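Note that the structure is predicted; figures quoted are calculated from it, not measured. Numbers for residues simply follow the sequence, beginning at 1.
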Amino acid sequence: VFVITEHYYAKEENFNDVMNILIETSSMIEKVDGALMSLSLKPAQKNGAITAFNMWESRDKFLAFMKSEHAEEIMKSGLAEKVKSWTTKISAEQYTVEQAWHVDSHV
């Protein structure tokens with residue numbers, strides 16, 4: 001399993017705009033082959049980062065998506081440029097899952 005997190009430090013006046021864009025882009029990958037989960041996380045603390053959390057079957061599935069026409073359409077939509085102008089900082093991290101549990105696995 002492969003995980004991508006993106007952290008967006010929104011300008012105060014654009015906080016809701018950034019949050020809405022993340023929710024919108026999350027729905028755009030819902031049916032993409034290899035996408036397992038997407039979360040749009042609102043920070044509990046003031047001035048915290050809005051975080052997009054996306055889980056994929058594998059790094060290869062994620063990379064295949066990034067090279068797809070679907071990803072190209074998202075990039076060409078202008079959303080990325082809007083988000084850049086609405087934030088003071090954006091960072092991203094990639095992870096492989098080494099251990100996990102889910103509440104259903106305890107039943």
- Less than 6.0 Å separating the ring centroids of Trp86 and Tyr8?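 Ring centres of Tyr8 and Trp86 not closer than 6.0 Å.
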Quick one: are [X] and [Y] in side-chain contact, heavy atoms under 4.5 Å?
{"X": "Phe2", "Y": "Gln94", "answer": "yes"}
{"X": "Ile50", "Y": "Leu22", "answer": "yes"}
{"X": "Thr96", "Y": "Glu98", "answer": "yes"}
{"X": "Val32", "Y": "Trp56", "answer": "yes"}
{"X": "Lys67", "Y": "Glu72", "answer": "no"}
{"X": "Glu93", "Y": "His7", "answer": "yes"}

Given the rule that I, L, V, M, F, W and Y join up when any side-chain heavy atoms are under 4.5 Å apart, are [X] and [Y] in one cluster?
{"X": "Tyr95", "Y": "Leu63", "result": "no"}
{"X": "Leu41", "Y": "Leu36", "result": "yes"}
{"X": "Met19", "Y": "Val83", "result": "yes"}
{"X": "Phe53", "Y": "Ile29", "result": "no"}
{"X": "Val97", "Y": "Trp101", "result": "no"}

Say you draw a straight line from [atom1] of [X] to [atom2] of [Y]; how long is it, rounded to the nearest 0.5 Å?
{"X": "Phe62", "Y": "Glu57", "atom1": "CZ", "atom2": "CD", "result": "14.0 Å"}
{"X": "Lys42", "Y": "Asn16", "atom1": "NZ", "atom2": "CG", "result": "7.0 Å"}
{"X": "Leu39", "Y": "Asn54", "atom1": "CG", "atom2": "CG", "result": "8.0 Å"}
{"X": "Met66", "Y": "Ile4", "atom1": "CE", "atom2": "CD1", "result": "8.0 Å"}
{"X": "Asn14", "Y": "Lys82", "atom1": "CG", "atom2": "NZ", "result": "11.5 Å"}
{"X": "Ser26", "Y": "Ile21", "atom1": "OG", "atom2": "CD1", "result": "12.5 Å"}

- Message: According to salt bridge (Lys or Arg N to Asp or Glu O under 4.0 Å), does anything in residues 2-16 pair up with another residue at least two apart or in another chain? List the pairs.
- Response: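 For residues 2-16, and leaving out neighbouring residues, there are no salt bridge (Lys or Arg N to Asp or Glu O under 4.0 Å) pairs at all.
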- Task: Please assess Glu30 against Ser38 for the test side chain to side chain contact (heavy atoms under 4.5 Å, CB included), listing each intermediate value before the final yes or no.
- Result: CA-CA 8 Å; Glu30 186 173 359; Ser38 179; over 6 Å; no
- Over all heavy atoms of both residues, which pair between Phe15 and Pro43 is shortest? Give the atoms and the distance, please.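 So the minimum-distance heavy-atom pair works out to CZ-CD, 3.9 Å.
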- If only atom types and distance count, is the side chain of Thr87 paired as donor or acceptor with the main-chain N or O of Ile90 below 3.5 Å?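 No, the answer is negative, given that no donor and acceptor are paired below the 3.5 Å cut-off.
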- Residue Glu69 excluded, over 12 heavy atoms near CD under 6.0 Å: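 Open: at most 12 neighbouring heavy atoms sit under 6.0 Å from CD of Glu69.
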- Stepwise, does the side chain to side chain contact (heavy atoms under 4.5 Å, CB included) test hold for Asp33 with Phe65? CA-CA 8 Å; Asp33 180 42; Phe65 163 70; over 6 Å; no
